[in-house]
J.: 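Structure incoming, see below.
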2 protein chains.
Amino acid sequence: MNSTVASMRQDPDSTGSGTRLPTTAYALLGLLSFGRELSGYELKQFSDSTLRFYWSSPAMSQIYSELGRLLDHGLVDSREVDGPGSRTTTKYRINDAGLAELRGWLVTSEAEFPVLKHSVALRLLLAHLVDPGSVEAMLKTYDEQLTERRRDLAAILDGITDDETFRFPAYVAQWGLDYYAAEKRTVRRILRDLNE
Amino acid sequence: MNSTVASMRQDPDSTGSGTRLPTTAYALLGLLSFGRELSGYELKQFSDSTLRFYWSSPAMSQIYSELGRLLDHGLVDSREVDGPGSRTTTKYRINDAGLAELRGWLVTSEAEFPVLKHSVALRLLLAHLVDPGSVEAMLKTYDEQLTERRRDLAAILDGITDDETFRFPAYVAQWGLDYYAAEKRTVRRILRDLNE
DNA sequence: TGTAGCATGTAAGCCGTTACATGATTGA
DNA sequence: TCAATCATGTAACGGCTTACATGCTACA
């Protein structure tokens with residue numbers, strides 16, 4: 001189906017180590033490593049509640065194409081499941097090769113330094129070009145968005161604390177909350193400074 | 001959400017407002033808005049010392065292609081300058097149309113919520129798959145990288161404080177330092193928690 | 001003499017998004 | 001019955017990176 005030429009690379013080993021996948025593929029594989037068998041749609045929900053906060057939440061179309069790629073590489077197994085009506089849903093589960101590949105990626109490759117696409121900071125850099133009021137408005141909007149985000153993430157953290165399966169996801173969620181708190185402090189300090 | 005702008009596509013006017021440029025183009029235009037006439041190479045240096053910390057530092061090839069695009073849209077002027085030897089260098093300067101376009105972008109479009117590509121957090125999420133030692137090592141490496149980054153950024157901030165031209169860049173740089181400090185605190189807290 | 005920095009580009013290709021298509025089920 | 005949600009994809013394309021190409025200058 002979608003196996004085009006990408007899977008016909010010069011080394012056709014599927015059981016691991018050799019082919020480098022995009023990080024998002026490892027991220028999705030990682031979500032599957034928590035054990036549940038998920039459909040593309042469910043994986044999207046899951047990534048919206050996790051990856052969104054410190055990676056990017058892939059579009060549905062990308063979820064499907066990455067799942068296709070993982071299948072091509074033999075890192076996940078798929079299964080047709082009957083839905084509520086007459087429809088069938090494809091569900092995916094990580095297999096041993098996938099776990100090995102994921103572990104291999106984690107231990108052999110280095111984590112890159114995080115990349116921030118911070119358009120609020122970018123716009124603040126250029127604040128000499130606009131009137132002070134609009135800069136203030138932008139920062140206040142950002143402050144409100146931070147409040148929303150924090151609420152969303154706090155709710156997620158609430159649902160996984162005390163569940164040993166999600167010990168590390170809980171660390172990451174707490175990390176996100178700390179980050180949002182730090183952003184809020186900075187934004188407020190800048191707002192104060194601007195009014196002088 | 002913001003797709004109302006999409007309908008204003010097909011007008012090929014070059015003097016502004018109508019054509020949406022990629023954010024990186026506005027970022028580079030923004031760097032030129034500080035007044036200096038720069039070559040592509042110098043713009044790369046400049047972006048490495050500014051955009052790098054809260055946006056991405058574009059590759060040389062992208063700098064050149066964005067400059068070409070800005071030129072096509074009439075937002076910058078270019079000039080051939082004799083270099084030290086027999087070579088000539090093309091220098092670019094923002095013009096009035098460019099300033100207007102940049103101001104228009106700043107006031108009419110909304111800042112998106114920042115996107116993080118945090119592979120350290122992503123890997124921490126999956127820490128259940130690897131041995132505790134390698135997680136600890138990763139976090140320590142990140143802590144060291146943060147120290148380096150902070151040093152780099154502190155040096156840059158040092159060079160622009162008390163220069164009124166760079167008032168807003170100084171805010172942004174301080175923002176970056178706050179962010180690195182918050183990251184350090186979090187990383188250390190997690191390292192402590194892991195040893196329990 | 002050779003390497004690092006200055007300086008400018010082209011070509012190929014991947015990652016990821018938006019737009020387009022399709023259709024079933026559930027609840028207001 | 002109409003909208004929202006579930007569910008799965010294809011096509012087109014934009015942004016950005018890497019690799020490739022070229023050649024000069026300064027300096028150790």
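Letters A, B, ... mirror the listed sequences (proteins, then strands); counts begin at 1.
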J.: I need the CD1-P distance between A/I63 and C/dT18, as an integer number of Å.
T.: 14 Å
J.: In whole angstrom, give the distance that lies between atom OH of B/Y64 and atom P of D/dT22.
T.: 17 Å
J.: Nearest-nucleotide wise, let me know which of B/K117 and B/S61 is further upstream toward the 5' end of DNA chain C.
T.: B/S61
J.: Give me the residues of residues 30-58 of chain B where at least one heavy atom lies under 4.0 Å from an atom of DNA chain C, by number, or none.
T.: B/S39, B/G40, B/Y41
J.: Let me know the distance between NZ of B/K91 and P of C/dC6, rounded to the nearest Å.
T.: 12 Å
J.: Do you know which of B/E42, B/E37, B/E80 makes salt bridge (Lys or Arg N to Asp or Glu O under 4.0 Å) with B/K91?
T.: B/E42
J.: Without hydrogens or angle criteria, can the side chains of A/R103 and A/S33 be said to hold a donor-acceptor pair below 3.5 Å?
T.: no
J.: Any Lys/Arg nitrogen of B/K117 or A/E112 sitting under 4.0 Å from an Asp/Glu carboxylate oxygen of the other?
T.: no
J.: Tell me the interatomic distance from B/R79, atom CZ, to C/dT8, atom P, rounded to whole angstroms.
T.: 13 Å
J.: Rounded off to whole Å, could you give me the CG-to-P distance for the B/L70 and D/dG15 pair?
T.: 12 Å
J.: Could you state the CE-P distance from A/M60 to C/dT17, rounded to the nearest angstrom?
T.: 12 Å
J.: Using a strict 4.0 Å threshold on nitrogen-to-oxygen distance, state whether B/E148 and B/R151 make a salt bridge.
T.: no
J.: When the distance from CD of A/E112 to P of D/dC16 is rounded to whole Å, what number comes out?
T.: 17 Å
J.: Would you call A/E144-A/K140 a salt bridge at under 4.0 Å N-O?
T.: no
J.: Is the ring pair B/W105/B/Y26 parallel, tilted or perpendicular, if the boundaries are 30 and 60 degrees?
T.: parallel
J.: Can a side chain N or O of B/Q62 be found less than 4.0 Å away from OP1 or OP2 on D/dT17?
T.: yes
J.: On the 0 to 90° scale, with breaks at 30° and 60°, tag the A/F34-A/F46 ring pair as parallel, tilted or perpendicular.
T.: perpendicular
J.: Would you mind reading off the distance between A/Y26 atom OH and C/dG16 atom C1', rounded to a whole angstrom?
T.: 18 Å
J.: Does A/R69 place a side-chain N or O at less than 4.0 Å from the phosphate oxygens OP1/OP2 of C/dC15?
T.: yes
J.: Considering only side-chain heavy atoms of B/A59, which listed nucleotide, C/dC15, D/dT18, D/dA7, is closest?
T.: D/dT18
